[in-house]
Asks: 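This is the structure I have questions about; it appears just below.
Residue numbering restarts at 1 for every chain, and letters A, B, ... go by the order of the sequence lines.
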Protein chains: 4
Amino acid sequence: MITVVSVAIVGAAGYAGAELTRLVLGHPLMDLVTVTSSADAGRRVSELYPALAGCDLVYVPHDEAAIAEAVELAFLAVPHTAAMAITPGLLEAGLTVIDASADFRLRDPKVFSRWYGVEHVCPDLLSDAVYGLPELWREALPGARLVACPGCYPTATLLAAAPAIRAGLVISGRVVVDAKSGVSGAGRTPSAATNYVSAAESITAYKVGSHRHTPEITQGLGDLGLTDVRVTFSPHLVPMSRGLLSTVYLEVDPGLSVGDAHAVYAAHYAGEPFVTVHAPGVMPSTSEVRGSNRAHIGVATDGTGTLIVSAAIDNLVKGTAGQAVQCANLALGYEETTGLDRFAPVF
Amino acid sequence: MITVVSVAIVGAAGYAGAELTRLVLGHPLMDLVTVTSSADAGRRVSELYPALAGCDLVYVPHDEAAIAEAVELAFLAVPHTAAMAITPGLLEAGLTVIDASADFRLRDPKVFSRWYGVEHVCPDLLSDAVYGLPELWREALPGARLVACPGCYPTATLLAAAPAIRAGLVISGRVVVDAKSGVSGAGRTPSAATNYVSAAESITAYKVGSHRHTPEITQGLGDLGLTDVRVTFSPHLVPMSRGLLSTVYLEVDPGLSVGDAHAVYAAHYAGEPFVTVHAPGVMPSTSEVRGSNRAHIGVATDGTGTLIVSAAIDNLVKGTAGQAVQCANLALGYEETTGLDRFAPVF
Amino acid sequence: MITVVSVAIVGAAGYAGAELTRLVLGHPLMDLVTVTSSADAGRRVSELYPALAGCDLVYVPHDEAAIAEAVELAFLAVPHTAAMAITPGLLEAGLTVIDASADFRLRDPKVFSRWYGVEHVCPDLLSDAVYGLPELWREALPGARLVACPGCYPTATLLAAAPAIRAGLVISGRVVVDAKSGVSGAGRTPSAATNYVSAAESITAYKVGSHRHTPEITQGLGDLGLTDVRVTFSPHLVPMSRGLLSTVYLEVDPGLSVGDAHAVYAAHYAGEPFVTVHAPGVMPSTSEVRGSNRAHIGVATDGTGTLIVSAAIDNLVKGTAGQAVQCANLALGYEETTGLDRFAPVF
Amino acid sequence: MITVVSVAIVGAAGYAGAELTRLVLGHPLMDLVTVTSSADAGRRVSELYPALAGCDLVYVPHDEAAIAEAVELAFLAVPHTAAMAITPGLLEAGLTVIDASADFRLRDPKVFSRWYGVEHVCPDLLSDAVYGLPELWREALPGARLVACPGCYPTATLLAAAPAIRAGLVISGRVVVDAKSGVSGAGRTPSAATNYVSAAESITAYKVGSHRHTPEITQGLGDLGLTDVRVTFSPHLVPMSRGLLSTVYLEVDPGLSVGDAHAVYAAHYAGEPFVTVHAPGVMPSTSEVRGSNRAHIGVATDGTGTLIVSAAIDNLVKGTAGQAVQCANLALGYEETTGLDRFAPVF
């Protein structure tokens, strides 16, 4: 018998938390009991997010014990380091933890501390955490107690690269990832870079060579079977609220045709409810997936021995909140698509 | 017993038609049988609108007889004049017709021909048509066979003006409506005005004094009880894909407080599933309602004897496709909110 | 003989200050000696504004004495209250002061304190200050020592209303001003409202009935000859970096034709270097004036006794920095257009 | 003695033609005599481009003989194939031709016909044409009679790649160019892809492997000294009106430090009036160069043996019209920067 799970969203007032709130409120098998926020405790959800008018919940401060008492499953949408601080306690109290932060994504605690500048406080949990990218590693999710949801850039990038790597098409560990994100990826806190006047009508690369999703992409490409991985990762900020496009350049045999490459991708994602592979040479737009949990993928070749793959997602849905719900569904034994719209507004 | 209705969308390849397609595909009591398009017949829905990937329907040419044969209910999302050409036949064949065009909105055929430049071909049907704005005239909808869905501007404007007029607060028929629409309001056909370079980062008034929604607003204000109506209607084009804001200026007693005005609005819309009245002086943003069937309303006063009311909707949902589904639900005896999301993405 | 004037920009790191910096750097008869900023002192202009790459100036802290020593003319682009604190000293030291703040715009110190919440510290200077809107009150500017540059909303609104009022066409003091501004109008400090995600793809009214430009518009309309002025002023935030559109609704004789109204406007602004009146019924877009010191105006009527006038400016140029330079040119006896481009990029 | 040159702009009604019109109107040593347009003949420039209000010119049809009669220099802003049709005649009549089309960029007529699908009609002129990218090949421009102005993508890409190649840092002919353009790059003709609703809030790759600027980039990289060139070129469409960013990935020694790479770039562009190299690791935004003839460049390394260089230009100024004027200045013996603003609006 399928039962309803009681849910807390920890860090619910940020953008990812707000999308989680929306999705859990609309989920037929989830009961949203608690939404927490340190900065906005005491305010109504519908005051901060008028799109959720009608939701009467009020943010409360984070309180590990109260959460453990109140619910069976916790989504963590807090910044890195805040997640690992409370995860051991929540697990011990018997909760399922779906963590949207970076704290449990990297299996090697030394890599974590090198890129995040702090020591991991519960490195022994790293091997228990399941990396939650269902289309690539679905089998690990049923029954998982701790899910590390991938970053938005790694989600799009690994979905773009996986079929070619698994099919043995990629002949070099040298991978260029030129990725483009909407501004919500930077979070809700206003800053000079995310101010409308700075971000509108402009594009810029940022954190080239130093973005913290780099080691996660590297780990994922290795897990897919690529050897001697050397990732060049250049994120760009694009004037759009939502959306993420990762254009990935993979070294392949110059004779590989776009038709053959496409066939590999189409076969790999056949039957996936949330992934569409476009016709050969047709590249996806991020507006196609705005508001949905979908990933749309296009492949192209140009005769130089480079396979170009472009994957579009909504950074806040498939890139964060939607994928977290998808992972929770699998962990709990629900139908994978429960509570995730089949279609979102057409643009 | 509630039964599933078979549905056609006539003119399904435009923006409103595409949103209707999305909503009907997700509606638990509607079965989308046919989507028609004269310009795009033969193409897949998912090719034109990749957001609907997974929908296998193919556009077919309009064929009144085939539609009448195939379905019980037809949504018309064709341009004006095309709707009145096929409506009599569809009604005669026993279909329920939910018309999103302008053809049955104006009760007086002379007003229609003056503003639309053509004679009405079935003026006798005008008195049968129900004007489908449920929050203002819900009682007329159950059992309706022909529903004329309001224009997007009239929807927001009448929702903004109704409570004050009905409460007798408005002391003059002189009404200024300064409205602002996203670019999708102009439809899918590319034009110089809707080209990205023209529309981005710019705002302009257009068709001031000559927009065809003017007589519809005038008729609606009169229906609400305003006398000697003289509407000044200035639509503006705003750099956003979706969204419509109507800021309405009503002449009232200078002593009217914002609190009293707000109380009238809150009472009028109490219990409405799709309308939210913000706190006194708090004005809505269109992003709050993007993708949803909601209308958000704010009221303000300034001591000059003017009541300022601002109403935000998504022009393609509450302004067109969502309201059409809402009306269909009522006409068919379904729960009014069926198939209409409670929440849309938070921005 | 025309001589070059030495110039300081006080508060040069904000958006208006940066545009002033650009204009003064390109002005053939101005020598930019000093740029001050309390928050960004020590940083290079070109670091904050890479568009000014090649400018080697470094922001220094405000220092009234140093400024008085160093230059003959000071542009003040500081927030209100900061301007009136230093203006008396600068005037005493013999400088010409072109103030872009609100401190000297309102002639009545009681009105100032009511709207700005502080007492004016040099009310005796208010009557000396010249309100710097050259197209309406040019004759007061030659030789002026203290110029109060109008706010951005009053600039567009008064330019839109003036010809009709002066021609005696306006028959009521009841004026509705529905104005729309780009996000740079809110200044450079990041905030929740100006964050890209909040502001993009959305429009909202704000500060309805309480915006501080209201008394300035009221004063200006009175100066133009309107009696019993009752202004309803509704500013809106529009998703664009620059640009301001003021759509003004004036009560006139219902028989006034658009042609006659247009003739009044065309005659009023004939020969003005920075004002264009469009053909009857043709309304301006803000993109037409982006980056330039121009104001473009359109007029329409609709038979209800309302004259609709829409004026478009760039809020940072004609609305602030450009008009300040225009006023300085007139005050100094330079050709009015000196240093102000005849044309800006076409969109 | 410097004399004023009489100028025609052929194809003046498109976006590049309009920017050329603006620049030539403001050029102190150019006299704009004729603007031609086949589609808009008979209309005023200021009607099509209200930003040029005050310009009284009217578009006339293309007429090679009339142009040859009327002026000494012709800017060609017509589509490819239209330029080569009239260039021989104009040259014979003694005119200087500055061609902004693609017709004379590729030296090999076979490469031209392969990518453009037509035979070149005057292949013998190809070797006479000077490729007009002053910062890289300035010496060829003085006295040139026929200048082929580079495409927008090649301009940014070659400026980004040149210093590293010329300094011998690049160890492989395998080059990935991930480029992003604003929508004006697609020209003025409205289309489904450039409609606001399609282009806003979205990014997509297009024409991957098949864009016509590919052979031009390949030719240019070879001219700079790179051997065995294999360019992967992926253009992307970005929601902005203007601006182009080319992020170029070059294979280098893994030990190359960002400081050393930066030093090479800074030295290469030292003294260039229109090029700025940012500090090591600081990447340019396109908004920095909006409206100006500048190119801003940033360099980064990541330890994988890849040098990442990002170059930002305004596609219509440095990418087209501005560079055309810069080339004309050099061809005519004028100061290179004449008529080109030192600064544009700060965003």
Asks: Hey, what do you get for CZ (D:R22) to CG (C:D341), rounding to the nearest 0.5 Å?
Replies: 8.0 Å
Asks: Using non-hydrogen atoms and a 4.5 Å limit, figure out which bit of C:L316 sits close to chain D: side chain, backbone, both or neither.
Replies: side chain
Asks: As an exercise, state the distance from CZ of C:F343 to OG of D:S46, rounded to the nearest 0.5 Å.
Replies: 9.0 Å
Asks: If I measure from the heavy atoms of chain D, does C:A200 come under 4.5 Å with its side chain, its backbone, both, or neither?
Replies: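 Side chain only.
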Asks: Checking heavy atoms, do the side chain of D:T276, its backbone, both or neither come under 4.5 Å from chain C?
Replies: side chain
Asks: Closest approach of D:P345 and C:G291, non-hydrogen atoms and distance?
Replies: CG-CA, 3.9 Å
Asks: Rounded to the nearest 0.5 Å, how far apart are OG of D:S184 and CZ of C:F347?
Replies: 4.5 Å
Asks: Between C:R294 and D:A51, what is the shortest heavy-atom contact and its length?
Replies: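 Looking at all heavy atoms of both residues, the shortest contact is CD-O, 4.3 Å.
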Asks: Can you tell which of C:L25, C:T21, C:V289 has the highest number of heavy-atom pairs within less than 4.5 Å of chain D?
Replies: C:L25
Asks: Should D:V346 and C:Y15 count as side-chain neighbours, where that means a heavy-atom distance under 4.5 Å?
Replies: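 Sidechains of C:Y15 and D:V346: no contact.
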Asks: Shortest non-hydrogen contact from D:G54 to C:R342?
Replies: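 Distance-wise, the nearest heavy atoms are O-NH2, 3.5 Å.
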Asks: Quick one: what part of C:Y196 sits under 4.5 Å from any heavy atom of chain D, side chain, backbone, both or neither?
Replies: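 Contact with chain D involves the side chain of C:Y196 alone.
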Asks: If you compare all heavy atoms of D:H278 against all heavy atoms of C:P50, which two are closest, and at what distance to 0.1 Å?
Replies: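 Nearest heavy atoms, D:H278 then C:P50: CE1-CB, 4.2 Å.
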Asks: Chain C heavy atoms under 4.5 Å from D:A344: which part of the residue, side chain, backbone, both or neither?
Replies: backbone
